[in-house]
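In listed order, ligands and their atoms are each counted from 1. Index from 1, following the sequence.
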Amino acid sequence: MKIWLDGELVEESAAKISVFDHGLLYGDGVFEGIRFYKRRIFRLEEHIRRLFDSARAIVLEIPWTPEEVSRFVIETVAANGLDDGYIRLVVTRGTGSMGLSPYLCKRASMFIIASTISLYPAEHYENGLSVITAATRRPAPGALMPQVKSLNYLNNIMAKVEAIQAGALEAVMLNEQGYVAECTGDNVFILRDGVLHTPQVSDGALDGITRRVILELADQLGIPKVERSMTRYDLFVADEFFLTGTAAEVIPVVALDRRVIGDGKPGPLTGRFIEAFKQLVTTTGTPID
Ligand code: PXG
């Protein structure tokens with residue numbers, strides 16, 4: 001596997017980051033997870049824009065332009081000869097010395113991995129996923145801004161641990177006020193009486209690219225949509241429930257905290273979103289050739 005690291009495509013064994021990198025020492029950095037299908041990168045520009053926004057929000061200067069970063073991503077996918085897969089694009093604060101100050105780091109480091117990812121076993125895409133509500137809350141906007149896709153995922157990892165220890169694969173995370181924010185790596189959607197509902201980004205959700213796509217598809221499918229504050233009540237009484245993310249794509253949820261959602265089977269409207277999503281990802285995107 002070839003990894004893009006600070007301007008060069010190198011062998012995986014040579015792709016090394018310093019132990020003094022603040023990304024490692026302090027989780028000081030940002031990242032993106034991007035998919036490609038049939039040699040086309042899905043929503044590349046939106047991912048690059050979000051990467052630069054995340055960096056801007058934490059005063060991290062990326063020493064390349066968005067156009068250059070897009071080109072490096074395309075080159076990395078091309079160099080690995082994959083038709084379908086997953087890109088991890090990471091920007092760290094770079095090498096500094098001990099001490100929190102990011103001003104001690106001269107230059108940000110960036111690396112790009114083009115590989116594959118499989119988040120949940122295939123049977124759950126067919127039969128639906130069981131999830132739990134985590135006790136671990138999403139950080140408040142006054143702590144770590146939830147829109148920043150930073151290298152600080154410990155909160156989400158703790159929620160993931162809760163899920164796995166409870167025999168589930170994913171956890172719903174609430175914000176400090178008790179409103180539904182999102183899952184550990186996915187956004188949350190429900191359907192109720194034919195209307196699509198999703199928590200507002202301001203309730204602590206990441207402004208997911210897949211989330212945006214689902215909201216666009218709702219318009220195309222003629223399904224009314226609403227972004228609003230939601231509680232666990234809304235999830236328990238939903239007709240249908242599904243999660244979205246670049247890694248997860250669109251996955252139905254059939255139980256929350258061991259309570260059955262709807263009729264306990266992936267719902268018909270969820271199925272329509274999954275079909276429309278598949279169609280979109282395989283027919284659009286930035287070509288790598
Ligand atoms: N919320 C959080 C906290 C995320 O990390 C999403 C929502 C969905 O956003 P997108 O833009 O992907 O629709 C994410 C993204 C992983 C993994 O390794 C997780 C994500 C992306 C890629 C890989 O589990 N989460």
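Considering only non-hydrogen protein atoms, atom 7 (C) of ligand 1 sits nearest to E182 OE1, 3.3 Å. The single protein non-hydrogen atom nearest to atom 9 (O) of ligand 1 is G208 CA, 3.5 Å, given as residue, atom name and distance. Among all non-hydrogen protein atoms, the one lying nearest atom 18 (O) of ligand 1 is R88 NH2, 3.1 Å. Scanning the protein heavy atoms around atom 22 (C) of ligand 1, the nearest turns out to be Y86 OH, 2.8 Å. For atom 24 (O) of ligand 1, the closest non-hydrogen atom of the protein is L119 CD1, 3.6 Å. If you check which protein heavy atom lies closest to atom 6 (C) of ligand 1, you get G185 O, 3.4 Å. Among all protein heavy atoms, the one lying closest to atom 5 (O) of ligand 1 is Y153 OH, 2.4 Å. Nearest protein heavy-atom neighbour of atom 12 (O) of ligand 1: T246 OG1, 2.6 Å.
Atom CZ of F20 is surrounded by 12 or fewer heavy atoms from other residues, nucleotides or ligands within 6.0 Å. Environment of CZ in R228: crowded, with over 12 heavy atoms of neighbouring residues, nucleotides or ligands closer than 6.0 Å. Within 6.0 Å of CZ in R49 there are 12 or fewer heavy atoms belonging to other residues, nucleotides or ligands. For Y179, the OH atom counts as loosely surrounded, since its 6.0 Å shell holds 12 or fewer non-hydrogen atoms of other residues, nucleotides or ligands.
The distance from ligand 1 to the heavy atoms of I209 drops below 4.0 Å at these ligand atoms: 10 (P), 11 (O), 13 (O). Near A247, meaning under 4.0 Å from any of its heavy atoms, are these atoms of ligand 1: 17 (C), 22 (C), 23 (C). Here is the list of ligand 1 atoms found below 4.0 Å of a heavy atom in N156: 3 (C). Using a 4.0 Å cut-off to heavy atoms of T184, the atoms of ligand 1 that qualify are 3 (C).
In this structure, V213 falls outside the shell of residues with a heavy atom less than 4.0 angstrom from ligand 1. Taking 4.0 Å as the cut-off, R50 counts as a neighbour of ligand 1 on heavy-atom distance.
Counting heavy atoms under 4.0 Å from ligand 1, residue L206 touches it through the side chain alone. If you look at I117 next to ligand 1, the close heavy atoms, those under 4.0 Å, all belong to the side chain.
One option in E46, E32, K149 has a heavy atom closer to atom 21 (C) of ligand 1 than any other, and that option is K149.
In terms of polar-atom proximity, T210 is counted as a contact of ligand 1, with an N or O under 3.5 Å from an N or O of the ligand.
Using a distance-only test at 3.5 Å, with no hydrogens or angles considered, no donor-acceptor pair links the side chain of T270 to the main chain of P266. A donor-acceptor pair is defined here as one N or O able to donate and one able to accept, closer than 3.5 Å; such a pair exists between the side chain of E162 and the backbone of T136. The backbone N or O of A238 lies less than 3.5 Å from no partner atom in the side chain of R192, so there is not a single donor-acceptor pair.
Taking the side chain as every heavy atom from C-beta outward, K160 and L169 never approach each other to under 4.5 Å. Under the 4.5 Å side-chain criterion, counting only non-hydrogen atoms from C-beta, T133 is in contact with R232.
Geometrically, R93 does not engage Y26 in a cation-pi contact, judged by NZ or CZ lying under 6.0 Å from the ring centre and within 45° of the ring axis. The cationic group of R88 does not satisfy the cation-pi geometry with W4, failing either the under 6.0 Å distance to the six-membered ring centre or the 45° limit from the ring axis.
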